[in-house]
Amino acid sequence: MEYLTGEEIAAMSRDRRDVNRLFLAQDDSGLWPICGKFNATKRAINRVRRLEREGLVLDDLLAYALTIEQITSDIVNHC
């Protein structure tokens, strides 16, 4: 997976869908499903959405993207 720079994220529109699309486009976990069950990037995006409903505040796209990266890493490394 290629990591995004802060400048690349800042250059995107203010729409989180752009970040999601970029992460999903770079995702190769479909080739090696985590534990043979799921796509790690999709699961991370859904987890961030749930955490935000529960009160997590992410003020900008950089924080959003870094949170997805961290959660994806946690999912992959703890399976």
Side-chain angles (χ1 to χ4, degrees):
M1 175 179 228
E2 178 183 327
Y3 292 98
L4 305 173
T5 66
E7 293 82 22
E8 289 172 323
I9 294 168
M12 293 178 191
S13 78
R14 298 300 300 165
D15 192 337
R16 290 179 177 199
R17 288 178 292 182
D18 290 341
V19 175
N20 293 348
R21 270 192 289 272
L22 188 55
F23 273 99
L24 290 168
Q26 294 179 5
D27 179 69
D28 62 1
S29 67
L31 301 175
W32 306 281
I34 306 305
C35 297
K37 298 179 183 176
F38 58 85
N39 178 292
T41 302
K42 287 180 183 178
R43 184 164 283 196
I45 290 169
N46 289 335
R47 191 171 295 173
V48 170
R49 289 176 179 159
R50 188 191 77 230
L51 290 170
E52 286 185 306
R53 284 192 307 270
E54 294 174 356
L56 177 67
V57 176
L58 300 172
D59 295 327
D60 56 27
L61 288 178
L62 179 58
Y64 179 73
L66 291 173
T67 302
I68 291 174
E69 271 189 36
Q70 182 60 53
I71 291 174
T72 302
S73 177
D74 292 345
I75 289 168
V76 170
N77 292 322
H78 291 103
C79 183

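With rounding to the nearest 0.5 angstrom, the CG atom of Leu66 is 10.5 Å from the CG atom of Leu61. Rounded to the nearest 0.5 Å, atoms OG1 (Thr67) and CD1 (Ile45) are 12.0 Å apart.
Between Asn20 and Ile68 the shortest side-chain heavy-atom distance falls below 4.5 Å. Within the 4.5 Å cutoff, no side-chain heavy atoms of Phe23 are placed close to those of Asp18.
Residues passing the side chain to side chain contact (heavy atoms under 4.5 Å, CB included) test with Arg47, sequence neighbours excluded: Arg43, Arg50, Leu51, Ile71, Ile75. Scanning for salt bridge (charged side-chain N to carboxylate O under 4.0 Å, His left out) contacts around Arg49 gives an empty result, with sequence neighbours left out. By the salt bridge (charged side-chain N to carboxylate O under 4.0 Å, His left out) test, Arg53 pairs with no residue at all, sequence neighbours left out. Scanning for side-chain hydrogen bond (donor to acceptor under 3.5 Å, both in side chains) contacts around Arg17 gives Asp15, with sequence neighbours left out.
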Test side chain to side chain contact (heavy atoms under 4.5 Å, CB included) applied to Leu58 and Val48, step by step: CA-CA 10 Å; Leu58 300 172; Val48 170; 3.8 Å; yes
Working note: Val76 + Asp74, criterion side chain to side chain contact (heavy atoms under 4.5 Å, CB included); need CA distance, chi angles, decisive distance, verdict. CA-CA 6 Å; Val76 170; Asp74 292 345; over 6 Å; no
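No donor-acceptor pair under 3.5 Å is formed between the side chain of Ser73 and the backbone N or O of Glu69.
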